[in-house]
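Structure record follows, encoded as structure tokens.
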Amino acid sequence: MALRELSSLEKYLGQKKANKYSTQGDKKVPVLQNNNGPPLVGLVTIACHLAKEAKRPELLGDTAESRAVVQQWLEYRVTKLDSCTKEDIKTVLKDLNLYLQDKVYLAGNQFTLADVFVYYGIHPVIVDLAIQDREQYVNVTRWFDHIQRYPGVRHHLPPVAVLRNRIYTSRHH
Amino acid sequence: MKLFVSEGNPHCLKALAALEATGVQCGVQFVNHDERVVPFLSRPTLPALALPSGQYLFSSNAICRYLFEVNGQECSELCDQWLEWEATVLQPALQQALHMAVLQGKSSEVSKVLQGPINVLEQSLSKRNTPYLTGDSVSAADLVLWAGFFPVLSDSSLTLGEHKSLKAWFDRVAAMNACQSAAQKVLQGKGLQGMKSYMQRQPAPQSSQCRETQPCNSNSAEEEGGERVVSEEEMEAAALTWSKGLNTCPPATKKQHPILPQEDKRNVLVTSALPYVNNVPHLGNIIGCVLSADVFSRYGRLRGWNMLFVCGTDEYGTATENKAREEGLTPQQICDKYHAVHSSIYKWFQIDFDYFGRTTTEKQTEIAQDIFWRLHERDFLIEDTVEQLRCENCQRFLADRFVEGICPHCSYPEARGDQCDKCGRLINAVDLREPQCKVCRQTPVIRSSKHLFLDLPKLESQLEQWLEKSTSTGDWTANAKQITRSWLRDGLKPRCITRDLKWGTPVPHADFKEKVFYVWFDAPIGYLSITANYTSEWEKWWKNPHQVELYNFMAKDNVPFHSVVFPCSLLGAQDNYTLVNHLIATEYLNYEDTKFSKSRGVGVFGDMAKDTGIPSDVWRFYLLYVRPEGQDSAFSWADMALKNNSELLNNLGNFINRAGMFVTKFFEGCVPVMELQEEDKKLLALVSWELQQYIQLMDKIKIRDALKHILNISRHGNQYIQVNEPWKKIKGGDSERQRAGTVTGVSVNIACLLSVMLFPYMPAVSQTIRDQLNAPPSCINTMLEGNGTFVCSLSAGHRIGAVSPLFQKLEADQIEALKKKFGGQQPEDEPPKKKTPVRNAASAQSAAVPAPAAAVEVGTVNQVDPEKAKQLTQAVAEQGEKVRALKAQKAEKAVITAEVAKLLDLKKQLALAEGKNPEPAPQKGKKK
């Protein structure tokens, strides 16, 4: 799973050269074999490395603040999101929904790796949501839809329909 | 910017440690565990950092990463990797471990759960062989991982015994001041138990039953937040001040001795606790009194106050008599010898006393006897008979520690005259069975001896009235007020002021010939007599409370003598004495993770500091940087190297050197024309604000906190240069060259300001900077006027001198070598001859001694076992911690007594392992 994500990221970054990966332990933590030095371990670490190598540092944020925000959501992805139980999902969605209320992307107005990896991580959750629920977390779905349509990001994942085309509103005003 | 933290939350450790380590300016607020700080998270999440933009960081690792980056230390990939590992691998294991240890009481299983992560870390550290996880300096990863392990390792069931690399790394990080201070704030020395209420709320937070949180007593100045928004008005005001230029009035002339109070001036009398003469002072003594007092009096002179700074050696007492006997000299010869040792040490540390005297003078006798007679005439002295042991063979009364015998309670054969080491009970010397004189082993006899007591109860209400006023109007440190309060709460008792000794100020009363004054009564009078030896007009300082403000500097064990006992003597004498207005007491400075100990050769003593090759100014800087202000702190070699390399070399020195070099290289050594733009004015405003903070803090004797603001200014300066790149602009067109000129000119002026602010801390470096800049002398008395005035003191066209680097890097191997050299277990420099293992005869000697004198003794040679000693040192420290905690919690007496007994036993074992006589350290001056 993580390896597929990294390979999608490589495609998005337009990198041709084939990186060698392996995995470590029960949780299949990705490991990037590095010719010039020791291997890099961990999804976030490798993803950040790839972005830097592709000369796309802006994907990690362009100020100290936004870099910290990006790292925070990347960490959120590999901790909270990856280990979240059925009960937790609602909280996660509720929090994200509130957070994204006034934001286009996770780090504000700029597309970053945080969007890519939280999108990858939350994809299975969104797939499982009933269409009504998707509408309940309208900011999350707006953001989700935006990212899945972002050129070159989706790759290994199927698109998710998030909104119904409404012919009429369900409520009377 | 503001950091929200809660007590007992292990994640907050990371953030607080990172905040301290980076010195980023940021307010800290303690909140309850279930306070929802981050608006979009439904579960309370702490720590949380409110960023200047209004966003929140709620991940502790992201917070650490951010603080380091703001401080110019971006995370490397290796650092990224450790942070990710910590969040995904270590944290889940730690949560499980803590849950078991804290809530289920199964701390024995902790090591099993943590085995995996510990092995990973150990392997990686031993393979890389660098002091820190990512290289030679501390990174965010070190603090984050340290904080993860700290709570579980603070519980003794988990040890890192076989994991040598991990242990070495952990100890290195733990010794950092930032970590110790964070640990104290978050866990408050309670170890795992301190986390209970936090753990109970994990994962499902419930109703609030949080302990009342303590406000963080850190920097009030930091409350304002890091990237301050600078207003238009501030910028204009700063620019206006800047344009004013230097004072036309001539710089303060050199000191004219004798310095006497003046009508139209603020007259400040500064004293530092009198060091006891037969003891070479260690770094803790130096920072505790003379250095702190020196910084303040240098600062006061810059502020234009009329300062007098006096100190001297405290020379009377039994300890001197003993030392004399040991060395085969007279007490006077001993005093002469050690007074010279003290003088030279303080000279090396550049302690700028106006007068450094001693207590064994005619004036001392004169003034002490005068105060005595005045007390006597006013009926504040009581006579009483005391039963004492007297050795007929030695022809003297035996002070408590001169006698040994069988404990009347537990029959321990080597009980001392004041306390039994076995059962820990206090003993009255005359109750000892089969007492022996420790010097000649003869049996002493009981004799009654008449003594005089100062009637403290009679003076109590007067004292309280005065204290009320002094503590509310003056700057007393919190510990000074608290210690004083606790003395008064217990009620005062009459205190004996006479002793059956020879080496002391003689009691002039006919009924008490042969007796001398007890040092606690005598020593503080030394302040007066030393001043009297400096000037015959000493009474203008000491009997002039309306014109003079008195500052006393000391370590906290000396507080009661300065706040209660000595003021009582002076109040009772009724001669319009100047009493203390501001009492500044430091906490203790530890060495690495242990105490300074002369007898074990642990620590750095005043006379050794210069042998390290590290300049006096750097010593001063580091000691002041870790000044135990508000809480205990630790001296650590690694931290000293780190602070030297990161703060002095890379921050301060780098900025000042760059500014000077640009003038030299790009403008032929002449300060260029400066046309201030918006950005420059903003910087001036930022610098002015830091300067104001510095002055506010220094006025309140927050010496350590004020130092941070100096370093902030050079940080601003470095950023300013980095953003404006004068080295590029100088090659551009006219307007670009003009810009390079302005940036260079402003920078070099900031360097000049820094030299002034540094003066109290690093006098030699301060002078060097001004020499290099060829700065006009009047800059020194202009900048610290009022709330601080940052003026352009090097105007366009000013020619600067030759610029050269100010600081040198401290290399890791150099520091390792020093650490080893001063780490203890070194051979005693004194021959192991049989000495009389005599303690300070009484607690009262700390009357004016910064810390109790460590007894030097090499008794019968036991098997020395350094490894065991090391373990035992640790065990003693832990047990001591436990006892303190119990006392702080006011646990039952029986429980405390049992733990104290354990402690004493451990200490004895330790002494044996070190090849010394198993006797505990002398008591501190706590007796009442």
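As a basis for the values below, the full set of heavy atoms in this structure was taken, side chains included, without hydrogen atoms, waters or symmetry mates. None of these values were measured; they are calculated from a predicted model.
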Which of the residues [options] is involved in the greatest number of heavy-atom pairs with chain A at under 4.5 angstrom?
{"options": "B:P39, B:C75, B:S42", "result": "B:S42"}
{"options": "B:L41, B:L57, B:N61, B:L49", "result": "B:L57"}
{"options": "B:P92, B:C79, B:A62", "result": "B:A62"}

Anything under 30° is parallel, anything over 60° is perpendicular, the rest tilted; go ahead and classify A:H123 against A:F144.
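Tilted: the ring planes of A:H123 and A:F144 meet at 30° to 60°.
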When the ring planes of B:Y56 and B:F4 are compared, do they come out parallel, tilted or perpendicular, using 30° and 60° as the limits?
tilted
Which bit of [X] is near chain A, if near means a heavy-atom gap under 4.5 Å: side chain, backbone, both or neither?
{"X": "B:E77", "answer": "both"}
{"X": "B:F58", "answer": "both"}
{"X": "B:Q55", "answer": "side chain"}
{"X": "B:E74", "answer": "side chain"}

Counting heavy-atom pairs closer than 4.5 Å to chain B, which one of A:V70, A:T79, A:V44 comes out on top?
A:V44
When you check the gap from the basic side-chain N to the acidic O, do [X] and [Y] get nearer than 4.0 Å?
{"X": "A:R56", "Y": "A:E58", "value": "yes"}
{"X": "A:D95", "Y": "A:K90", "value": "no"}
{"X": "B:K708", "Y": "B:E20", "value": "no"}

Check whether [X] gets within reach of chain B through its side chain, its backbone, both or neither, counting any heavy atom under 4.5 Å.
{"X": "A:L43", "answer": "both"}
{"X": "A:E75", "answer": "side chain"}
{"X": "A:D88", "answer": "side chain"}

Quick one, B:D80 with B:R65, criterion salt bridge (Lys or Arg N to Asp or Glu O under 4.0 Å). Give me CA distance, side-chain angles, the key distance, then yes/no.
CA-CA 9 Å; B:D80 282 346; B:R65 178 193 288 276; 2.8 Å; yes
Under a 3.5 Å threshold, yes or no: a donor from one side chain and an acceptor from the other, between B:E690 and B:H716?
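B:H716 and B:E690 do have a side-chain donor-acceptor pair below 3.5 Å.
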Cation-aromatic face contact A:K103/A:Y99, 6.0 Å, 45 degrees:
yes
